[in-house]
**Q** 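If you scroll down you'll find the structure; I have some questions about it.
The chain is numbered in sequence order, starting from 1. These numbers come from the heavy atoms of this one structure, side chains and all, not from hydrogens, waters or symmetry mates.
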Amino acid sequence: MNTPQPASSPTLADPDTPFAVVDVHKSLRNIERLATRADRLGVTLRPHVKTAKSLDVAALMHSGTGPCPVTVSTLAEAEAFADGGYTDITYAVGIDPHKLPRVVALLDRGVTLRILLDSAEQADFVTGAAREAGVRIPTQIEIDCDGHRGGLRTDAPALVGIGRTLHEAGCLDGVLVHAGESYFAHSAEEQRLAAKNERDTAVMAAERLRAAGLPVHTVSVGSTPTAHAADDLSGITELRAGNYVFFDLVMAGLGVCQVDDLALSVVVTVIGHRPEYGWIVTDGGWMAMSRDRGTAGQPHDQGYGLVTDLHGNLVQGLVMSAASQEHGTLTARDGAVLPELPVGTRLRILPNHACATAAQHRGYHVIDSSRPARPQHAPAIQSVWERVSGW
């Protein structure tokens, strides 16, 4: 929620560190980029709100015109976004029987909540719960397109049987595919091929179900790399992505975005120096940044994050190379000279994985880089956005 601002608005120099910062200008630019692409490809965009877990950030995705379709990764997110007026939600994690009462409760509130499964066992308990509650539980079958995590292969003998079980209970909604291996596609061509494989797999699964006389309304694909690489989504009804609202160093390392597109950062303060080791010590460790080291397998390992000044200008050659729970260690690399940064200096750290870093914080201090501050002044905090309950 927006927090009323005092007469004199605070700046990034004021709150206690560490804290998360969102640059709303960069977020809007990232959002517009993918929205334009989805329009051109002729598909509905269903943003994944697990990245920001914020009603304020989600509102940016539909320009205040009304709640858009969203994807969630927990039922707590589904309930919080339903409370915020969102009525078209896909819960994109495999269902288990203990969660079905909460699913039914959301359906009873008038929320179209789609759930996900990939086994006959799940289909049986979903359809049983639907009949017992007297409701239709719209269900998608997860399809595996790249050997990653869950899902059925398109040629799985069980696919049609699961589809028929769901259809007979009025629960079959469609198929869903996630190209998880696209996060290891290190070139534009590899990402384009991953997007093509994701599309082809989803369409093949839908066609197999339709050939068996089963209706397939939704054919859903998406990951941030493939969403930005797809050049043909024929046969697809919707596109999912989440990380793109903030982006991060993993996405920059894949070439999906530039470092300048990263909208999320964490403000930390220099609290000490260990010159004998070449260290600058800050008060932001992995509790502020997460333990994600997603760039470690990329050509350029960015440690726990790149370092900027409060205005977002990179401090060349400086990287957060190590982290303990509440301490971050900054070191120089590539022949750079360790800069003079006195105790009390505030810096911003750009994260490896925006979703994981955001999860460490209760909310975001919001700045707008389209309104640059004078060099001697820290950027003004425009507002404070909370994350949804159940964060």
Side-chain angles (χ1 to χ4, degrees), residues 44 46-50 53 55 58 62 66-143 150-152 156-178 202 205-222 236-238 240 388-390:
T44 297
R46 181 182 290 275
H48 205 316
V49 294
K50 71 172 183 178
K53 290 186 174 138
L55 292 168
H62 50 78
C68 61
V70 295
T71 312
V72 300
S73 60
T74 70
L75 285 177
E77 291 169 14
E79 290 158 349
F81 276 84
D83 291 344
Y86 289 77
T87 58
D88 185 351
I89 302 173
T90 295
Y91 172 39
V93 175
I95 194 66
D96 78 71
H98 298 90
K99 295 175 182 174
L100 286 172
R102 294 171 73 183
V103 171
V104 170
L106 284 165
L107 294 169
D108 286 343
R109 290 173 55 181
V111 175
T112 299
L113 178 66
R114 295 171 179 84
I115 63 172
L116 188 66
L117 55 75
D118 63 0
S119 71
E121 181 183 14
Q122 290 168 302
D124 286 340
F125 64 67
V126 166
T127 55
R131 291 188 174 104
E132 181 179 350
V135 297
R136 171 182 174 266
I137 303 177
T139 305
Q140 297 175 349
I141 303 173
E142 184 175 10
I143 306 299
L152 295 168
L159 176 60
V160 171
I162 292 171
R164 185 165 288 114
T165 296
L166 294 171
H167 174 58
E168 289 172 353
C171 294
L172 179 60
D173 180 75
V175 296
L176 179 147
V177 179
H178 171 64
E207 289 177 346
R208 187 173 169 212
L209 290 168
R210 288 170 179 150
L214 301 172
V216 179
H217 305 292
T218 303
V219 184
S220 180
V221 300
I236 301 302
T237 64
E238 67 176 30
R240 307 180 324 280
V388 299
S389 60

**Q** Take Lys50 and Glu77 through the test salt bridge (charged side-chain N to carboxylate O under 4.0 Å, His left out) and record every step on the way to the result.
**A** CA-CA 8 Å; Lys50 71 172 183 178; Glu77 291 169 14; over 6 Å; no

**Q** Taking Thr127 for the side chain and Leu166 for the main chain, is one N or O donor matched with an acceptor at less than 3.5 Å?
**A**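 No; judged by distance alone, with no hydrogens or angles, the pair does not exist.
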
**Q** Could you go through residues 135-143 and list every donor-acceptor pair under 3.5 Å that involves a side-chain atom there, pairing it with any protein atom two or more places apart or in another chain?
**A**
from	atom 1	to	atom 2	distance (Å)
Arg136	NE	Gly170	O	2.8
Thr139	OG1	Ile137	O	2.8
Gln140	NE2	Asp173	OD2	3.0

**Q** Could you tell me which non-hydrogen atom of Leu113 sits nearest to which non-hydrogen atom of Ala78, and how far apart they are?
**A** CD1-CB, 4.2 Å

**Q** Looking only at non-hydrogen atoms, find the nearest pair between Pro101 and His98 and report the distance.
**A** CD-O, 3.5 Å

**Q** Give every residue pair that meets the salt bridge (Lys or Arg N to Asp or Glu O under 4.0 Å) criterion with at least one member in residues 84-103, sequence neighbours excluded.
**A**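 Found Arg46-Asp88, Glu79-Arg102, Asp88-Arg114, Asp96-Lys99.
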
**Q** Are any non-hydrogen side-chain atoms of Ile162 and Leu117 less than 4.5 angstrom apart?
**A**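 Heavy-atom side-chain distance check passes, below 4.5 Å.
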
**Q** Is there a donor-acceptor contact under 3.5 Å from the side chain of Arg164 to the main chain of Leu159?
**A** no

**Q** Over all heavy atoms of both residues, which pair between Ala58 and Tyr86 is shortest? Give the atoms and the distance, please.
**A** CB-OH, 3.4 Å

**Q** Distance-only, no hydrogens or angles: does the Glu132 side chain make a donor-acceptor pair with backbone N or O of Gly128 under 3.5 Å?
**A**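 Pair absent, no side-chain N/O of Glu132 close to backbone of Gly128.
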
**Q** So do the side chains of Thr112 and Leu106 get within less than 4.5 Å of each other, counting heavy atoms only?
**A**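 Answer no - side chains too far apart.
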
**Q** To the nearest 0.5 Å, how far apart are CG in Leu55 and CZ in Phe81?
**A** 5.0 Å

**Q** Any side-chain heavy atom of Thr218 sitting closer than 4.5 Å to one from Val175?
**A**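 When only atoms from C-beta onward are counted, Val175 and Thr218 do not touch, as no gap falls below 4.5 Å.
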
**Q** Please report the shortest heavy-atom distance between Pro69 and Thr44, naming the atom on each side.
**A** CG-CG2, 4.2 Å

**Q** Do Val111 and Ile89 come within less than 4.5 Å of each other through their side chains, counting heavy atoms only?
**A**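 Touching, per the 4.5 Å side-chain cut-off.
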
**Q** What's the spacing between Leu176 CG and Ser220 OG if we round to 0.5 Å?
**A**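 Those atoms lie 4.0 Å apart.
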
**Q** Tell me if a side-chain donor or acceptor on His178 pairs with a main-chain N or O of Gly222 at a distance below 3.5 Å.
**A** yes

**Q** Over all heavy atoms of both residues, which pair between Cys171 and Ala130 is shortest? Give the atoms and the distance, please.
**A** SG-CB, 3.7 Å

**Q** Roughly how far, to the nearest 0.5 Å, is CG of Asp124 from OG1 of Thr165?
**A** 6.0 Å

